[in-house]
Protein chains: 2
Amino acid sequence: MDNQLLSFTEENYLKIIYLLTERHNGNEVSTNQLAEHTQTKAASVSDMLRKLAEKNYINYRKYQGVTLTEAGEQIALGVIRKHRLWEVFLVEKLGFGWDEIHDIAEQLEHIDSKELTKRLDDFLENPKFDPHGDPIPDAKGKMPSVSYQKLSEIPLNQSVVMMGVSVHSPAFLQHLDKQQINLGCGLKVLEISDFDKSYSILLDGKTTIFVSNEVAKNLLVSIDE
Amino acid sequence: MDNQLLSFTEENYLKIIYLLTERHNGNEVSTNQLAEHTQTKAASVSDMLRKLAEKNYINYRKYQGVTLTEAGEQIALGVIRKHRLWEVFLVEKLGFGWDEIHDIAEQLEHIDSKELTKRLDDFLENPKFDPHGDPIPDAKGKMPSVSYQKLSEIPLNQSVVMMGVSVHSPAFLQHLDKQQINLGCGLKVLEISDFDKSYSILLDGKTTIFVSNEVAKNLLVSIDE
DNA sequence: ACAAAATTTTAGACTAATCTAAAAATATAT
DNA sequence: ATATATTTTTAGATTAGTCTAAAATTTTGT
């Protein structure tokens, strides 16, 4: 209990606004998008936006959407930091699979103790990325910038390394597990089918696997140097 | 999220009812006691008791007090199990002092995931006691029975081992730290002052320390065999 | 034993977060 | 360009948990 300025719910809204804004390259987030991600109705979102705007956590232009203020962004980054650190804990220390951790981390991210976060970070040896490859904001609230590309945008025969995923659903992650596609593995697109846009991929320079266009769009990679 | 049957608040009431009932050797807990421990007013407690009784988690006789039903006790023991496991984690893995962990564990105890609790328990190597010496209920909801005695009830010159504390306030625990009184240390009461009932104690067979009657009443020990 | 004190419950109100239904604003399509 | 569709906001209601003030019950002291 360091300074419980915001409710669990308010923290959640700010976190979701941050992640959606990021996904839309800084563009405003709409009420309906928030309703979808908070599992509530648009009317409830409007109410909460009015409240968050009053407290100066968001820039809210009615009917136009919202962005975070500096204060709102710091709250969001704090929550995201805790979420991702706990995900590392769940996988590295407790042996959970990357497909099993999201719902638990959604709860743990709201635990309020600066000292706990600091000690957890040290215990985990100050990880820079979570088990899905997402970067972990530092204690000052600074999000490391990463520049991954979608596998679907990489030219044929370019060797790349698997760095992250842009979808976190258990179904997608389990699908990758079955094909042995993990963070850090080497990938090279050999061919894209004219018929269904599916990909033939050389995995770790050894085996050839096939993935759908849908999968290729959600694999984040960087050029192998 | 396994089965969030109860709210955070309801879980807290059940936990507190359990602990107070235990402290009173199974006697009913009063509304005012609950108000004190939940940091609310008696009126609020009455409302909540009506609700918990309706859901069959407590036996509630108006004006007489409450005890837990079997169902209520199982919920309470589950929360206490999580609280104490997390306390072990905070001390053993993150290096917190036993005086710093209560407020954090109060939050962590409501994290809802059977699998998490199971894996945490294994990670901690299935501890039977928390850092204050309190027993940890097992996964089936069975509380181990322990029989500690207050140091103040032990005859002079009887060697005992320090097993727990009956007060968990940071001030008390820090006071014990300063005197180097830890779980597992050996104690022998040499003399009780007629003047102020303070105790001369031989610590680990080596040094003599002095503690007040108030401290002696809150040290839980067992006979050294 | 019974009046006074203490405790507990009830009544009525408030806040946070949600909902449905209706109104207002914006976007779209011919 | 304007009617229609979509999105967003507002209005009014609901639930959980809390509060204060007043009423009911139990305990205590002489």
Side-chain angles (χ1 to χ4, degrees), chain A residues 1 3-17 20-21 24 27-68 72 75-76 79 106-107 109-110 112, chain B residues 1 3-17 20-21 24 27-68 72 75-76 79 106-107 109-110 112:
Chain A
M1 277 74 152
N3 45 1
Q4 189 63 294
L5 311 136
L6 291 100
S7 69
F8 185 105
T9 310
E10 289 170 318
E11 282 192 354
N12 250 322
Y13 271 90
L14 295 177
K15 174 193 67 176
I16 293 169
I17 293 168
L20 290 177
T21 308
H24 300 30
N27 287 323
E28 286 174 323
V29 177
S30 75
T31 300
N32 263 356
Q33 282 166 359
L34 286 171
E36 194 181 313
H37 285 83
T38 53
Q39 321 249 57
T40 64
K41 296 301 160 73
S44 310
V45 174
S46 279
D47 268 359
M48 182 56 87
L49 294 183
R50 189 182 33 63
K51 190 169 127 192
L52 290 173
E54 244 163 47
K55 296 189 183 182
N56 284 110
Y57 291 118
I58 61 173
N59 306 114
Y60 178 33
R61 300 188 304 135
K62 277 186 190 172
Y63 295 100
Q64 305 303 308
V66 292
T67 57
L68 294 177
I75 302 285
V79 175
E106 287 286 299
Q107 299 179 65
E109 72 189 7
H110 301 288
D112 178 32
Chain B
M1 277 72 155
N3 45 1
Q4 190 61 296
L5 310 135
L6 292 100
S7 70
F8 185 104
T9 309
E10 289 171 318
E11 283 192 352
N12 249 323
Y13 272 90
L14 295 177
K15 175 193 67 175
I16 293 169
I17 294 167
L20 289 177
T21 308
H24 302 27
N27 287 324
E28 286 174 324
V29 177
S30 75
T31 299
N32 263 355
Q33 282 167 358
L34 286 171
E36 194 181 314
H37 285 83
T38 54
Q39 320 249 59
T40 63
K41 297 299 161 74
S44 311
V45 173
S46 279
D47 269 0
M48 181 57 85
L49 293 183
R50 190 183 30 66
K51 190 169 125 193
L52 290 172
E54 243 163 48
K55 296 189 182 180
N56 283 110
Y57 291 117
I58 61 174
N59 306 116
Y60 177 35
R61 299 188 303 134
K62 278 186 191 171
Y63 295 99
Q64 306 304 307
V66 292
T67 56
L68 294 177
I75 302 285
V79 174
E106 287 286 299
Q107 299 179 65
E109 73 190 6
H110 301 288
D112 178 31

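The figures that follow rest on heavy atoms only: side chains count, while hydrogens, waters and symmetry mates do not.
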Problem set entry | Distance (rounded to the nearest 0.5 Å) between A/Thr9 OG1 and A/Met48 CE | 5.5 Å
Problem set entry | Whole-Å distance separating the CG atom of B/Asn12 from the P atom of D/dA16 | 18 Å
For this session: Compare all side-chain heavy atoms of A/Val79 with those of A/Leu14 and state whether any distance is below 4.5 angstrom.
Result: no
Exercise. Would you say a side-chain N or O of B/Thr31 is under 4.0 Å from OP1 or OP2 of C/dT9?
Worked result: yes
Dump the pairs, protein N or O against N or O of nucleotides 12-14 of chain C, anything under 3.5 Å, distances to one decimal.
none

Seminar exercise, completed: OG1 of B/Thr38 to CD of B/Gln33, rounded to nearest 0.5 Å, is 11.5 Å
Exercise. OP1 or OP2 of D/dT8 sitting under 4.0 Å from any side-chain N/O of A/Ser30?
Worked result: yes
Problem set entry | From B/Gln64 atom CD to B/Thr31 atom OG1, the distance as rounded to the nearest 0.5 Å | 10.0 Å
Protein-nucleotides 23-26 of chain C N/O pairs closer than 3.5 Å?
{"residue": "C/dA25", "atom": "O4'", "partner": "A/Tyr63", "partner atom": "OH", "Å": "3.4"}

Exercise. Can you name the residues that form a salt bridge (charged side-chain N to carboxylate O under 4.0 Å, His left out) with B/Glu11, not counting sequence neighbours?
Worked result: none
For this session: Would you check if B/Leu34 and B/Leu49 make a side-chain contact, meaning some heavy-atom pair closer than 4.5 Å?
Result: yes
Seminar exercise, completed: Looking only at D/dT8, C/dT18, C/dT7, the nucleotide nearest the B/Asn32 side chain is C/dT7
Exercise. Separation of B/Glu28 atom CD from C/dT7 atom P, in whole Å?
Worked result: 17 Å
Exercise. Across the strands shown, which category fits B/Phe8 at heavy-atom distances under 4.0 angstrom: base, sugar-phosphate, nothing?
Worked result: nothing
For this session: State, with a plain yes or no, whether a side-chain heavy atom of B/Thr40 is found less than 4.5 Å away from one of B/Tyr13.
Result: yes
For this session: Give every residue pair that meets the salt bridge (charged side-chain N to carboxylate O under 4.0 Å, His left out) criterion with at least one member in residues 57-68 of chain A, sequence neighbours excluded.
Result: A/Glu28-A/Arg61
Exercise. Rounding to a whole Å, what distance do you find between A/Tyr60:OH and D/dT10:C1'?
Worked result: 10 Å
For this session: Check the distance between D/dT9's P and A/Met48's CE and give it to me in whole angstrom.
Result: 14 Å
Problem set entry | A/Tyr13 vs C/dA16: side-chain N/O to OP1/OP2 distance below 4.0 Å | no
Exercise. Nearest 0.5 Å, what's the CG-CD1 distance between A/Asn12 and A/Ile17?
Worked result: 10.5 Å
For this session: For A/Tyr63, enumerate each residue passing the ring pair (Phe, Tyr, Trp, His ring centres under 6.0 Å) test, keeping only those at least two apart in sequence or located in another chain.
Result: none
Problem set entry | DNA chain C-proximal residues of residues 34-46 of chain A, any heavy atom under 4.0 Å | A/Thr40, A/Lys41, A/Ala43, A/Ser44
Problem set entry | Gap separating the CD1 atom of A/Ile75 from the CD1 atom of A/Ile58, nearest 0.5 angstrom | 13.0 Å
Problem set entry | d(CG, B/Leu49; P, D/dT18) in whole Å | 11 Å
Exercise. What's the CD-C1' distance between A/Glu54 and D/dT9, to the nearest Å?
Worked result: 15 Å
